[in-house]
Visitor: 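What follows is a single structure, and I will ask about it in a moment.
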Amino acid sequence: MSIKEMTTANENLSKMIKSTRISLKMTQEEFGKQFTPPAAKSIVSRWEKAQSIPSADRLLKISQLSGYSVDELLYGTLQHAISELILEAIKKVNSFFKGRSYNPTEFIEQASNAKENIFFQDMFDFVQFKENSYFGTPRVSPKIIDKNAKDRTDIEQKKIDDFYAKEYFAGCEYLYHRTYKICKKTGIRSYEKERIMHILAREAELKFNDIERTDEGLVSYVVSELDDLYISKIPGFIYGTNAEGESVRLGSEINIDLENKISDMIESLSDQIGSLIHEEE
């Protein structure tokens with residue numbers, strides 16, 4: 001654990017201890033008497049100021065008193081971690097691009113190492129997929145949307161503002177619950193920020209593509225990946241673009257017939273897999 005993570009854990013623990021004591025309506029002296037041997041008022045005060053941490057035995061007792069696990073006392077709840085990451089990602093990505101040209105690479109380049117690079121990429125993907133997905137809020141009439149902003153009445157503009165506000169919260173709630181469910185099933189803990197952020201990004205991408213974890217969703221997902229391989233990844237592997245924007249074949253040693261055969265096979269396989277869901281019906 002890094003010094004930063006240790007500091008965060010200590011600060012979180014101090015808040016949780018104070019919150020637990022207050023919820024039990026106890027003074028620091030009364031709270032200290034819950035332990036064996038008792039903890040002096042001054043010791044409880046130091047815990048709450050993050051100046052020291054309780055022993056393992058006392059942490060277990062605080063866990064019993066609070067109803068939180070030791071991990072939750074130290075690192076916060078999983079619910080809180082997911083909510084904080086959602087807000088952090090939206091704030092960071094939107095503030096970065098405010099008033100500047102749109103260049104995703106610039107945002108990713110804020111990372112100082114490979115681990116952060118993946119984290120920033122997941123943040124960016126999460127926000128972009130979320131903001132371009134639809135979460136079921138009743139839509140505003142196209143007649144109002146298509147109007148120039150200056151021609152809309154105050155009531156019409158309020159309808160548009162309300163729509164986006166409701167979609168914002170609906171999106172946050174939807175992706176929060178999806179991510180929480182996966183984290184609980186896979187045993188991910190609140191301090192595993194990178195893993196949580198990756199799940200948020202993945203679930204936002206699935207929502208963007210309208211893919212659910214069903215039979216039909218599995219078929220759609222595989223077909224989508226094969227199409228990406230056929231349309232984007234293989235051409236990107238073989239071809240590049242020169243300064244004039246012209247396509248240049250980089251894989252000069254790759255047999256064109258082989259390339260075409262592989263492309264035909266992928267296209268055929270995509271069609272075969274796509275037909276599976278209709279066979280089930």
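Below, all heavy atoms of this structure are taken into account, side chains as well, without hydrogens, waters or symmetry copies.
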Visitor: Looking only at atom types and distance, does a side-chain atom of Ser19 sit under 3.5 Å from a main-chain N or O of Lys15, one as donor and one as acceptor?
Guide: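 Looks like no, no N/O pair under 3.5 Å.
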
Visitor: Looking only at non-hydrogen atoms, find the nearest pair between Met16 and Tyr68 and report the distance.
Guide: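 Answer, listing the atom of Met16 first, then Tyr68: CE-CD1, 3.4 Å.
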
Visitor: Heavy atoms only: give me the nearest Pro38-Lys33 pair and the separation to one decimal.
Guide: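 Heavy atoms only, the tightest pair is CB-CA, 4.2 Å.
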
Visitor: Please check: side-chain N/O of Glu167 versus main-chain N/O of Phe135, any donor-acceptor pairing under 3.5 Å?
Guide: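 Yes, the answer is positive, given that a donor and an acceptor are paired below the 3.5 Å cut-off.
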
Visitor: Between Arg213 and Glu203, is there a side-chain N and carboxylate O pair less than 4.0 Å apart?
Guide: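 Salt bridge present between Arg213 and Glu203.
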
Visitor: Atom OG in Ser23, atom NZ in Lys18: separation rounded to 0.5 Å?
Guide: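 Reported value, rounded in 0.5 Å steps: 13.0 Å.
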
Visitor: Give a yes-or-no answer on whether the side chains of Ser263 and Glu267 include a donor-acceptor pair shorter than 3.5 Å.
Guide: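 No - no donor-acceptor pair under 3.5 Å links their side chains.
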
Visitor: Can you confirm whether Tyr239 is buried at OH, in the sense that more than 12 heavy atoms of other residues, nucleotides or ligands lie under 6.0 Å from that atom?
Guide: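 Enclosed.
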
Visitor: Between CG of Leu59 and OG of Ser69, what distance do you get to the nearest 0.5 Å?
Guide: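 Those atoms lie 11.0 Å apart.
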
Visitor: Please indicate whether Ile155 has more than 12 foreign heavy atoms, meaning atoms of other residues, nucleotides or ligands, lying under 6.0 Å from its CD1.
Guide: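 Not buried by this count: 12 neighbours or fewer within 6.0 Å.
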
Visitor: Can you name the nearest heavy-atom pair linking Phe208 to Ser133, along with the distance?
Guide: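 Scanning both residues completely, I find the closest heavy atoms to be CA-OG, 3.2 Å.
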
Visitor: Within the structure provided, determine whether Asn260 and Ile256 are in side-chain contact (heavy-atom separation under 4.5 Å).
Guide: yes

Visitor: Got Arg202 and Ile199 here, is their nearest side-chain heavy-atom distance under 4.5 Å?
Guide: yes

Visitor: Taking atom CD of Glu48 and atom OG1 of Thr20, what is their separation to the nearest 0.5 Å?
Guide: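 Going from CD on Glu48 over to OG1 on Thr20, the span is 9.5 Å.
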
Visitor: If you count every heavy atom of other residues, nucleotides or ligands that lies below 6.0 Å from Tyr134 atom OH, does the total exceed 12?
Guide: yes

Visitor: Are side-chain N/O atoms of Asn117 and Gln121 paired as donor and acceptor at under 3.5 Å?
Guide: no

Visitor: Which atoms form the tightest heavy-atom contact between Gln28 and Val44, and what is the distance?
Guide: O-CG2, 3.6 Å

Visitor: How many angstroms lie between atom CE of Met123 and atom CD1 of Ile108, to the nearest 0.5 angstrom?
Guide: 10.5 Å

Visitor: Among Leu200, Val93, Ile86, Asp122, find the one that has a side chain to side chain contact (heavy atoms under 4.5 Å, CB included) with Val127.
Guide: Val93

Visitor: Looking at every non-hydrogen atom in both residues, tell me the closest pair between Phe163 and Arg139 and how far apart they are.
Guide: CE1-CA, 3.9 Å

Visitor: For Phe35, does its backbone N or O pair with a side-chain atom of Arg58 as donor and acceptor, under 3.5 Å?
Guide: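 A pair under 3.5 Å: no.
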
Visitor: Count I, L, V, M, F, W, Y as connected when their side-chain heavy atoms are under 4.5 Å apart, and connections chain through other members. Are Phe124 and Ile118 then in the same cluster?
Guide: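 No, Phe124 and Ile118 fall in different hydrophobic clusters.
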
Visitor: Assign the ring pair Tyr176 / Tyr180 to parallel, tilted or perpendicular, where the plane angle (0 to 90°) is split at 30° and 60°.
Guide: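 Ring orientation of Tyr176 relative to Tyr180: parallel.
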
Visitor: What do you reckon, is NZ of Lys159 surrounded by more than 12 foreign heavy atoms closer than 6.0 Å?
Guide: no

Visitor: Could you state the interatomic distance from CG (Asn12) to CD1 (Ile17), rounded to the nearest 0.5 Å?
Guide: 10.0 Å

Visitor: Are side-chain heavy atoms of Thr27 and Lys41 found at a separation under 4.5 Å?
Guide: no

Visitor: Using a strict 4.0 Å threshold on nitrogen-to-oxygen distance, state whether Glu212 and Arg178 make a salt bridge.
Guide: yes

Visitor: Are any of the side-chain heavy atoms of Tyr191 and Leu74 separated by less than 4.5 Å?
Guide: no

Visitor: Could you note down all residue pairs passing salt bridge (Lys or Arg N to Asp or Glu O under 4.0 Å) where residues 224-233 supplies at least one of them, sequence neighbours left out?
Guide: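 For residues 224-233: Asp228-Lys233.
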
Visitor: Is Lys261 salt-bridged to Asp257, cutoff N-O under 4.0 Å?
Guide: no

Visitor: Does CG belonging to Asp151 count more than 12 external heavy atoms closer than 6.0 Å?
Guide: yes

Visitor: May I have the step-by-step check of side-chain contact (heavy atoms from CB on, under 4.5 Å) for Glu259 and Arg249, ending in yes or no?
Guide: CA-CA 12 Å; Glu259 175 193 343; Arg249 188 176 178 83; 2.8 Å; yes

Visitor: To the nearest 0.5 angstrom, please state how far the CG atom of Leu87 sits from the CD atom of Glu84.
Guide: 6.0 Å

Visitor: Decide side-chain contact (heavy atoms from CB on, under 4.5 Å) for Leu78 and Lys184; before the verdict, give the C-alpha distance in whole Å, the side-chain angles of both, and the deciding distance to 0.1 Å.
Guide: CA-CA 9 Å; Leu78 183 58; Lys184 289 294 287 183; 3.8 Å; yes

Visitor: More than 12 heavy atoms of other residues, nucleotides or ligands under 6.0 Å from CD1 of Ile238: yes or no?
Guide: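 Correct, the count exceeds 12.
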
Visitor: If you look only at pairs with a residue in residues 60-80, which of them pass as a salt bridge (Lys or Arg N to Asp or Glu O under 4.0 Å), with sequence neighbours excluded?
Guide: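 Matches after skipping sequence neighbours: Asp71-Arg189.
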
Visitor: Taking everything shown except Lys193 itself, do over 12 heavy atoms lie less than 6.0 Å from its NZ?
Guide: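 More than 12 heavy atoms, drawn from other residues, nucleotides or ligands, come within 6.0 Å of this atom.
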
Visitor: Any non-hydrogen side-chain atom of Ile90 less than 4.5 Å from a side-chain atom of Phe126?
Guide: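 Yes, their side chains come closer than 4.5 Å.
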
Visitor: Kindly give the heavy-atom pair with the smallest separation between Ser190 and Ala81, and that separation in Å.
Guide: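 Shortest heavy-atom contact: O-CB, 3.5 Å.
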
Visitor: Does atom CD of Glu29 have more than 12 heavy-atom neighbours, drawn from other residues, nucleotides or ligands, at distances under 6.0 Å?
Guide: no

Visitor: Okay, side chain of Ser95, backbone of Lys92: is any donor-acceptor separation there less than 3.5 Å?
Guide: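 Flag set: sc Ser95 to bb Lys92 pair under 3.5 Å.
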
Visitor: Would you sort out whether Ile62 and Phe31 count as a side-chain contact (heavy atoms from CB on, under 4.5 Å), showing the intermediate values?
Guide: CA-CA 10 Å; Ile62 295 170; Phe31 188 73; 4.3 Å; yes

Visitor: Assess whether side-chain contact (heavy atoms from CB on, under 4.5 Å) is satisfied between Phe237 and Leu250, documenting all intermediate values.
Guide: CA-CA 8 Å; Phe237 176 73; Leu250 305 176; over 6 Å; no

Visitor: Do Ser14 and Trp47 touch side chain to side chain, with heavy atoms closer than 4.5 Å?
Guide: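 A side-chain contact is absent here, since even the closest heavy-atom pair is not under 4.5 Å.
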
Visitor: Is there a donor-acceptor contact under 3.5 Å from the side chain of Asn148 to the main chain of Lys150?
Guide: no

